[in-house]
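We number each residue from 1, following the sequence as shown. Every number for a ligand or one of its atoms is a count from 1 in the order of the listing.
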Amino acid sequence: MSHVSPEPAREVLTPVTRAGRSLMSRKANAGPLLADHDAASLEALLVRAGGTPSAARSAAGRVVRHVFRNGASKLQSTEAGSTEEGSPEGVGAEGVSAEAPWDRAALAALGIGAWAHEALLSLQVGVSLSVAEVVPAGDATLRLALRARDGALLESVLIPGPGRTTLCVSSQVGCARACAFCETGRLGLTRQLSAGEMVDQVRIAQALWRAAPGGGGGGKPALSNLVFMGMGEPFDNLGEVGRAIRLLTDGRALGFAQSRVTVSTVGVADKIEAFFQGVPAELAVSLNAPDDARRQAIMPINTRFPLAVLREALLRALPPGRRVLFEYVLFDGFNDAPEDADLLAALVSGIRCRVNVIPCNPGPDPRLRPPSQERLDAFVARLSGLGVTTLVRRPRGRDVGGACGQLAGLLRQQAEQAAVA
Ligand SMILES: C[S@@+](CC[C@H](N)C(=O)[O-])C[C@H]1O[C@@H](n2cnc3c(N)ncnc32)[C@H](O)[C@@H]1O
Ligand code: SF4
């Protein structure tokens, strides 16, 4: 558990670019968020405020139910069709408003004593992000550009499916890991997101989806699945990611099933054990190459954690009955030969897993292109033939820059405008 901090960070990690230059100030922020807490850290806060452990636990439980479960039904998107920066067709929202009442009377009505009121009312319960842009793709995917209280821009992607609706959540603004094929990696790291900012991506998406024609109760499946596969490397922000997921999966709060929440890591091997011990979610690991030489060429993380180290860490930490989802982005002529499927099968052998094969989306390096359908089919057939459970992840939202590895759009526009000015 050493990497999963029990307390919300009062100040996020120093925001720096890859060049080490400070980009963002959080001074403008209007105070700590209730959603930065899970029930356990809220309980600890209430003990510090003078409550007994049992009174604090009971009050924390009532508060998370009031704000995140009962309050969720009151969250609404406002002004459909109008956004801060434009009026996309279909779903649109200026913001998300009308949360649960939050004052002394509301707390008293919950049976929470006056001893806890000041500490609780110092926390903001409103959604901390505003909707900057909602961009619908041709395949019904929605790319959501969201603005934090300090002006930082981040993106989430809502992916409706026939049987389920999934939200792709960001864990950082940018990413420090610099994978050659990923637009987010090209940005460098701007700053960490807090747990509350991750929870608020979900709260906003839920409200927008409910308001969408046919969304939510209107016949389309409700938002039920979360994948931490948006901007950023979740294991580089594991304390906040863990706290967000504990709140998201708390039955009194947002109530997502652990089996429907997946965290994807680039392969930060020394945090895998902490993940399994402290985060109630499934694990995905991005492999993307079948040997060290090629992985190193496109993923700088491989220098620190080569494939053998990653494999060893997984074998050691994977709890009984659990399995890993391996992600393998397929690049034409680079890692998609039949012999590469053989190497990949050997790499994952002995690990309970599935492999998700992902045809590459256009990214920063024009030399990395998706394979032909024939090569994709041949690779999948070869891997499956070796006994590896293999699925193909079809690109969603590619036409609006919302597919895997493409999230960076608004941030890059902003940087380009700043360069011109
Ligand atoms: C954007 S990452 C975020 C999560 C985490 N940082 C990671 O790398 O696993 C989510 C997934 O997108 C994949 N990805 C990145 N760039 C891509 C691209 N251009 N085409 C297809 N998938 C890509 C990554 O390999 C990873 O499996
Ligand atoms: S693939 Fe993941 S780890 Fe690599 S740069 Fe993109 S977001 Fe970061």
Nearest protein heavy atom to [atom], by residue and atom, and its distance?
atom: atom 26 (C) of ligand 1; answer: S286 OG, 3.2 Å
atom: atom 2 (Fe) of ligand 2; answer: G232 O, 4.4 Å
atom: atom 20 (N) of ligand 1; answer: N361 N, 2.8 Å

Under 4.0 angstrom from ligand 1, any heavy atom of [X]?
X: T265; value: yes
X: G230; value: yes
X: G232; value: yes

Under 4.0 Å from any heavy atom of C360, which atoms of ligand 1 are there?
->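 Matching atoms, with element in brackets: 20 (N), 21 (C).
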Number the atoms of ligand 1 from 1 as they appear, then name those within less than 4.0 Å of a heavy atom of N288, with their elements.
-> 25 (O)
Ligand 1 N/O within reach of P234 N/O, cut-off under 3.5 Å | no
Under 2.8 Å from atom 4 (Fe) of ligand 2, the protein N, O or S atoms found are C179 SG
Heavy atoms of other groups near R164 CZ, more than 12 under 6.0 Å = no
Any side-chain heavy atom of E197 sitting closer than 4.5 Å to one from E240?
-> no
Do you see a donor-acceptor pair shorter than 3.5 Å between the side chains of N288 and S286?
->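 Note: N288 and S286 side chains miss the donor-acceptor criterion.
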Are side-chain N/O atoms of S171 and E233 paired as donor and acceptor at under 3.5 Å?
-> no
Report the part of V329 (side chain from C-beta onward, or backbone N, CA, C, O) that has a heavy atom under 4.0 Å from ligand 1; answer both or neither where that applies.
-> side chain
Could you see which bit of E327 sits under 4.0 Å from ligand 1, with heavy atoms only: side chain, backbone, both or neither?
->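 Under 4.0 Å from ligand 1, E327 contributes side-chain atoms alone.
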Short N-O contact, R375 and D332, less than 4.0 angstrom =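 A salt bridge is present here (some side-chain N lies under 4.0 Å from a carboxylate O).
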